[in-house]
Amino acid sequence: MLARDPVASTVFEVDRLTLDYPSAKGPVRAVEDVSFEVAGGERLVLLGPSGCGKSSILKAVAGFLKPASGAIRMHGQPVRGPGPDRIVVFQEFDQLLPWKTVRQNVEFPLRLAGRLSRAEVRERADSALRKVGLARVLDSFPHTLSGGMKQRAAIARALVTDADVLLMDEPFAALDAMTRSQLQRDLLELAEEIGFTLLFVTHSIEEAILIGTRLHLLSPHPGRTITSLSTAEFGYADLGSRRLETLSREVHDILFSRQPAQEEALHG
Amino acid sequence: MLARDPVASTVFEVDRLTLDYPSAKGPVRAVEDVSFEVAGGERLVLLGPSGCGKSSILKAVAGFLKPASGAIRMHGQPVRGPGPDRIVVFQEFDQLLPWKTVRQNVEFPLRLAGRLSRAEVRERADSALRKVGLARVLDSFPHTLSGGMKQRAAIARALVTDADVLLMDEPFAALDAMTRSQLQRDLLELAEEIGFTLLFVTHSIEEAILIGTRLHLLSPHPGRTITSLSTAEFGYADLGSRRLETLSREVHDILFSRQPAQEEALHG
Amino acid sequence: MAEVSGRILQAAAPERSTWIDWLRGSALVRKVLVLVLLAAVWEAAARFSAQPILFPSFLETARAFIEALLKENLLSASWTSLSVLIKGYVIAIAGAFVFVSLAMASRFVRELLQTLISMFNPLPAIALLPVAMLWFGLGETSLLVVLVHAVLWPFALATLSGFDGVPETQRLVGRNYGLRGPAYVVRILIPAALPSILYGMKIAWAFAWRTLIAAELVFGVSSSNGGLGWFIFRNRNELFTDKVFAGLAMVIIIGLVVEGILFRIVETVTVRRWGMQR
Amino acid sequence: MAEVSGRILQAAAPERSTWIDWLRGSALVRKVLVLVLLAAVWEAAARFSAQPILFPSFLETARAFIEALLKENLLSASWTSLSVLIKGYVIAIAGAFVFVSLAMASRFVRELLQTLISMFNPLPAIALLPVAMLWFGLGETSLLVVLVHAVLWPFALATLSGFDGVPETQRLVGRNYGLRGPAYVVRILIPAALPSILYGMKIAWAFAWRTLIAAELVFGVSSSNGGLGWFIFRNRNELFTDKVFAGLAMVIIIGLVVEGILFRIVETVTVRRWGMQR
Amino acid sequence: TAQAEGLIRISQQFGTLYLPLHVIRDQNLIEKHAKVLGLNDVKVEWAQLSGGDAINAALLSGSIDIAAAGIGPFLTLWDRTQGSVKIVAGLANQPNYLVTNNPNIKTLKDFKPTDKIALPAVGVSVQARILQMAAEKEFGPGNQNKLDNNTVTLAHPDATAALLSGSTEITAHLSNTPFQEQALKDPKIHKVFSSYDILGGAVTPTYLYATTKWQAENPKTFQAFFDAVKEASAWIEANKKAAAETYIRVEKSKLEPAFVQSLIESPDSKFTVVPAKSFAFADFLYRTGAIKRKAESWKDYTFDTLHAESGS
Ligand SMILES: Nc1ncnc2c1ncn2[C@@H]1O[C@H](COP(=O)(O)OP(=O)(O)OP(=O)(O)O)[C@@H](O)[C@H]1O
Ligand SMILES: Nc1ncnc2c1ncn2[C@@H]1O[C@H](COP(=O)(O)OP(=O)(O)OP(=O)(O)O)[C@@H](O)[C@H]1O
Ligand SMILES: [Mg+2]
Ligand SMILES: [Mg+2]
C-alpha cells in the first residue's frame, strides 16, 4: 500500500559499522559490525533493547560519531560530518534552542537554508506547529513546555525542512496515544508526499511495523544485527489485525527470547 | 488480585487544585480544579493528553509548586514543600546527578537518610541496579548512558528509598517492551511487598490499567478532571484479555473523543 | 524551601495581575534598604574611628560629592573616564570574541589562547607600562592598551569556559543544521553560553574600572581634562580625603547603575526569560 | 567539524589502547610549541625595538632569571609571596562560599551580597589603603585584606551566577531528597555549578597575583624578606628591567604551572569526567 | 626621536616644587625664548605623569623630551644609560624634613623597631637616599642601611594622612613640600631633621633632565627651554605672591592661597636652575654601590648650559 520508487537507489549505507566510546578504562564498544542499506523512500526502523546502540548508530549516520571501523556512505560518498541533508530528531528533551521561541525554533532551519521568504518561512512553521498541536504556544519559550510539547516542537522543526533523510530517535515516546497515532499518520502521509528516506528508532514494536518498510533488529552489548525484516506491506489498515499482532509477537520473540546468553539478567 | 489494606486511610489528598505558571502576559493556568484522594497502598494513574498538566500536578504533590488555589494535604497536613517522604521520578533525562556514578546516584538517598550502614547501602543499590539491568555500568557516569539507561537508574534510585509515596512521571517511556513489562511487574511486586502509595503518569493506557488501582483522566488547557475510574481488579493476568482491551478502548474514547470542544485540532 | 525552589514556587503566588509590579517594587525596596543599611554602617564605622583624614564619614563624603558635582566638574571627569573605559571595554570584548571564535576552529589557536590567558591574566598592569610606553607613547592609546589587557583575558576565559559548557545536544543541533565557523559561534555557542558571557562582562566591567583609576595616574593626561582617576589623585595629593571618597563613590554609583539597571535588564530579557538562569 | 563536535568524534579515533597517552603527549607538544613560538615573538619584538632598558629580550630575561634564582633569592621571594597569596586566596574563597550560601537562604542577604559585589568589585585596591592601614596596620593582615578584596567579589559573583544556572531538575532532585541549607549547597549546588566555580577560581587566582604584586609595595615590606612584588619594585626603581621581567616571568611560570597542571587535573577528574564540560 | 626642531614635550608632577613649569606654561615663556632664537612656531605639550619610573619610561621611549623627577631616579637612569641622559636644570632648592608624631623621637637614635618611617619609595627615592645619608652620618660609615627595617613605602599624601591621624604604625615621614608644612601645622608633629642639616646647606632635590640625543637634535628648542626655566625661576623669586596665584590658577588647586604663598616665601626655599648638593648624592650612590658609574664632578651629568654656574 505504500508508494515506493520501484528502482530506488541506495541513499545511505552502513557498512560493517563498529562504534566505540572512550572511557577511563579504554574504549567501550557500543555497536559492532552492523550493516544495512537504505534505499530512497525507504523507512528503516531500528529496534532493540535499551542501551543496544540505536541512538549511537543514528548519531553516526548523522555524522556526529566517527566509526571505529566500517563506513557510512551517503549516495556512495563516505559521511564526513553532520549536515542539513540528514535532519535529526534527538531523543533528548533539551534539543530545542532555549533562547528561541517555539516558532523561532521551527523557523530556524528554514531561515538558515535561506530559500524561502520570511512570510513563507513563518507560514510553514506555523502550519507545522498547528499540525503537532502547538498552535497555542507559538511564542512560548521551550522551558515553559511540557516534555511531550518539546518533543512535538522538535518533530515540527524536522518536518518543515524538506530534508532528503530524516533520522528520528524515539520521537513519539513522550506522547499520548491519540497524538502519537495522529503524528504517525502525518509522518506516513508526508513520507508518501515528499518521499524522504527515514531512519527511525522506537521501542514500540507496533509503531515500528506501522512506520517502517523494514525493521532492523539489534541485540545488546555491543549492538549487533540479529536480523532484518521487511514490513512494507503493513499499514494503518492493518491496525488491530491478526497478522500485525502475529508479526508483533514474532518480533518481540526474536528480540527478547532468542539471545538469552547475550542478554543481561533483568531480574536478580 | 492486589493486596490492599481494607481500612486504608487517605495518604494524600488533592483538593480543588489549581496551578498557574507566571508568564510575561500574566499567569497561565495549567491545572484547574482537580481533586482526588489517594489511600494508603493505592496506585493512582494520571492519564491525559500531552501538556494537560500531569507533570504539574505531580510536582505540586511533591511540594515544588504552590497551588494558586486549592490545597494538597498529606495525612491531613497541607504540603509545605518537598521532602523525602514523597520520592519523585522525573520525566527529564537529566535527573541523575552528573557528578556521581550510577551507583553513587542510587546510593545517594540512602546515604542521606543515614539509616543503613555503608555495606547495606551498597548492597541495596547494587541489587536495585541489577534489577533494572544496569549491573554492567555501576561505575559509569550518567553522561555515558543511553536515554533508557538513565531512566532506569532514576527508577532504581527511587525504588531503594522505602518512601511511603512514590511519584513517577512517565518512568517507562524510554524503555523497550521487554524491560518495560519486566519493570512493571517489579513495581507491582514491590508495591505489594512494601505497600507504598503511588502516583503514576503514563501515556500508555494499557500500562495505566495494569499498574493503577485507579485512573484519573484529565482534559487539557487547562487540565480538568474528566472522570476517575477504578481498575483495581485488573492485573497482569488480564494481559491480552478481552475485558482489558475493552476498558482500554473505553478509556481512549473518554480521553480523546468526548471533549472535542476543548481539544485543540491536531490536524490543520 | 521557599527561597531555593524560588522560581517555581513564586509561580503561583496569590497576587495575580500585579505580581510583576509587586516584585519590582519589592526588589527596589530591598535594594534601597540595603543601601541605607550600608551607608549607616559606613557612617558608624567612620564616626567610631574619628579619623576624617583617613576615613571620612558617609555624610562628609556626600557633602564633598555634591560640592564636587557642582563646582569641580566631577561629572565631566567621570564622563572622560567613562568614555575611555567604554572604548577599551568594547575593543577588548570584541577582540575576545574574535579570538575565542578562532580558538573554536582550531586546536592550536585554542592552546595558544589558553596559554596566553594563563600567562597574561596574572600580570599586573604595571608590567605593561614600559612596553606600552615604548610602542604607543603617552595618552589614550596606552591607556586603552592597559585597559584591554585588564579586560581581554578574564573575558576570553569566561567565554571559553562558557562555550565548553554548552550542552551537547544544542551543539549537535547547530551542527546538524549545517552551521560551522562564525555562524555556528554566533547562532549557537554565544546564546547558549550567554550566562557565562554575561558573567564575564560583569567581571570585565569591574576590572576595567579598577585598572582605569590606577592607570590614569600613570599615563596621565596631556592637559587639564583629566578623568576620575586624576580627580582622585589630585585630591589625594591635597589631602582632601572626603573628595577622594567622593570620586570613589562616583565609581560605585556608576557601577550600581550599570549592574542594577543595564545588566539586570539584559539578564531579564535574555537568560532569565529563556529559563537558562533563575 | 572535527574540532567542534570534537569530544564525540575523538571518541573512536583509530588509536585504541594508547589514545590517552597520545593525547597527553600531543597536548604537551602543542603547549611547548606555543611557548617556543611566544618566546620567539618576544625575542624578535625586543630586538626590533632595541631598548633593553624598557623592553629586554627573552634571552636577556632568561639570563636575568637564572641569575636572580641563583644569587638573589628569587625563589624564596616567590615563596614568600606565594604563601601570602595562598592564604588570602583560601580565606577569600571560603568567605565567598559562606556568603553565597547565606545568600541562597535569604533574599535579603542575596540582595545585600549583590549590592556589595557591584559596589566593591570596581574599586581599586588603593581605595582600601587608608582604611586598611587604619584598622589593620602595616604588614600581612593588611595585605590579606587587600587580597581578599581582590578575590572575594569576583569569586562570589562567579559562584552566585553558577548557582543560578544549576539545571532545574538537579535542583529539584536535591530538594526532593530533603536537602536544605548548607547540605543542599554542598551536595547539589556546588558540584552542579562546578564549571562556573572553577572559572571563578581561575579568575580569582589571576587577580590575586595582580593585586599582590601591587600591594606588596605598600603593605608587604618593612624588612628585607620582601616577596616577588618587592623584588619587582626594587629592580624597577633601579631600572634593572631585565630583572623586572624575570620577576614577572616567575609570576607567569607559577601561573602556567597552576593553570596547566593543578586546574587541568582538577578539571579532568571533575567536570570533564562528568561530561559537564568538554 | 628625530623630531624636527620646534616640538617640546614636558612632563610635570604635582606640587609647588614644579612651580617654574607652571609659570612657563602660564606665561608662554618657551614660545617667547624660541622666538628670540629664531624658532617661530614651537609647540609645547604638557604631560601629567606621576612616579619616577613612569617618567623615566616615558623619556626613554621618546614620549616626552623633558622629564622632571628626583635626583635619585635621575642618577639611576644616568648610570643605566651610560650617561646619555643629563640634567637641564634644577627646579628649586627645597628642604626635606623628617617629621614625626612621636614626642620621644629627637634624633635617629631614638627610633625603635616599631617606629615606621614612610618614604615614597623605599631604597631609591631622594627621601630614601637622604635617610641613608643621615644614618651614615649618625651611626658612622657603612651603617647607611641601619634604618632600612623601619622604612615603608607610602605615597606622600597617604603618609601625611597616616601621620596626622596618629592611629597607625607610621610615626615618621621623610616628607616633601607641601606635605611637611601641612603636617607641621599640627602641634603634635615636630621636625627631627632637615635635609639641609644632613648635607650641610641648601639642596636641590628635583631636576629637569633630557637625553643628550634630543639636546643634540634640538639645540635651539633646548636653549629656549633652558632660558625659559631660568626666567621663570627669577620671576618667581621676584613675584612670590603672583607666583602663588599662578600655581593655584594653573593647577586649579583648592589649597589656601596664603598657604601656597608661605611655601614659596619660606627662607629655605629658593627657585634657581643651579644644582645644589647633587654631587653629594652622586658620590654617595657610587660609594654605596647603588650606581656603577663614577662622576668626577656635578658637571659630568649636567648639560654645558649649566656649567658656567656655581653649582655643586
Ligand atoms: N557519550 C558516551 N560515552 C560513553 N558511552 C556511551 C556514550 N553514549 C552512549 N554510550 C554507551 O553506548 C551504548 C549505546 O548507547 P545508545 O544511546 O546508542 O543506546 P540506545 O540504543 O539509544 O538506548 P536507549 O533505547 O536507552 O536510548 C550504551 O551502553 C551506552 O552506555
Ligand atoms: N515552567 C513553566 N512555565 C510556564 N508554563 C509551564 C511550565 N511548565 C509547564 N507549563 C505549562 O503547563 C502546562 C502543563 O504542563 P505539564 O508539564 O504539566 O504537562 P504534562 O501533562 O506533563 O505533559 P506531557 O505529557 O507532555 O509531559 C503546559 O501547557 C505547559 O506549557
Ligand atoms: Mg537512545
Ligand atoms: Mg509531563
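Chain letters run A, B, ... following the sequence lines, proteins first, then strands; residues in each count from 1. We use all heavy atoms of the structure for the numbers below, so side chains are in, but hydrogens, waters and symmetry mates are not.
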Residues of residues 251-258 of chain C within contact distance of chain D, non-hydrogen under 4.5 Å: C:V251, C:I252, C:G255, C:L256
Contacting moiety of D:T115, where chain C heavy atoms sit under 4.5 Å: both
Note, C:L212 side chain near D:P124 side chain (heavy atom, < 4.5 Å): no
C:Q51 versus chain D, the contacting section by heavy-atom distance below 4.5 Å: side chain
Part of D:L248 lying under 4.5 Å from any heavy atom of chain C: both
Heavy-atom check, side chain of C:L112 versus side chain of D:L38, under 4.5 Å: yes
Separation between CD1 of D:I53 and CG of C:L134, rounded to the nearest 0.5 Å: 11.5 Å
Contacts under 3.5 angstrom, residues 149-158 of chain D side chains, donor-acceptor by atom type, not counting sequence neighbours:
{"unit_1": "D:H149", "atom_1": "ND1", "unit_2": "D:W153", "atom_2": "NE1", "d": "3.3"}
{"unit_1": "D:H149", "atom_1": "NE2", "unit_2": "D:L123", "atom_2": "O", "d": "3.0"}

Which portion of D:R236 sits near chain C, non-hydrogen atoms under 4.5 angstrom: side chain
Residue pair C:L35 / D:M119, side-chain heavy-atom distance below 4.5 Å: yes
Residues in residues 201-211 of chain C near chain D [non-hydrogen atoms, under 4.5 Å]: C:K202, C:I203, C:A206, C:F207, C:W209, C:R210
C:S161 versus chain D, the contacting section by heavy-atom distance below 4.5 Å: both
Point-to-point distance, once rounded to the nearest 0.5 Å, from CD of C:Q114 to NZ of D:K31: 6.5 Å
Side chain, backbone, both or neither of D:F245 within contact of chain C (heavy atoms, under 4.5 Å): side chain
Closest non-hydrogen atom pair between C:Y199 and D:G200, with its separation: OH-CA, 4.5 Å
Under the side chain to side chain donor-acceptor pair (under 3.5 Å) test, residues paired with C:Y89 that sit two or more places apart: none
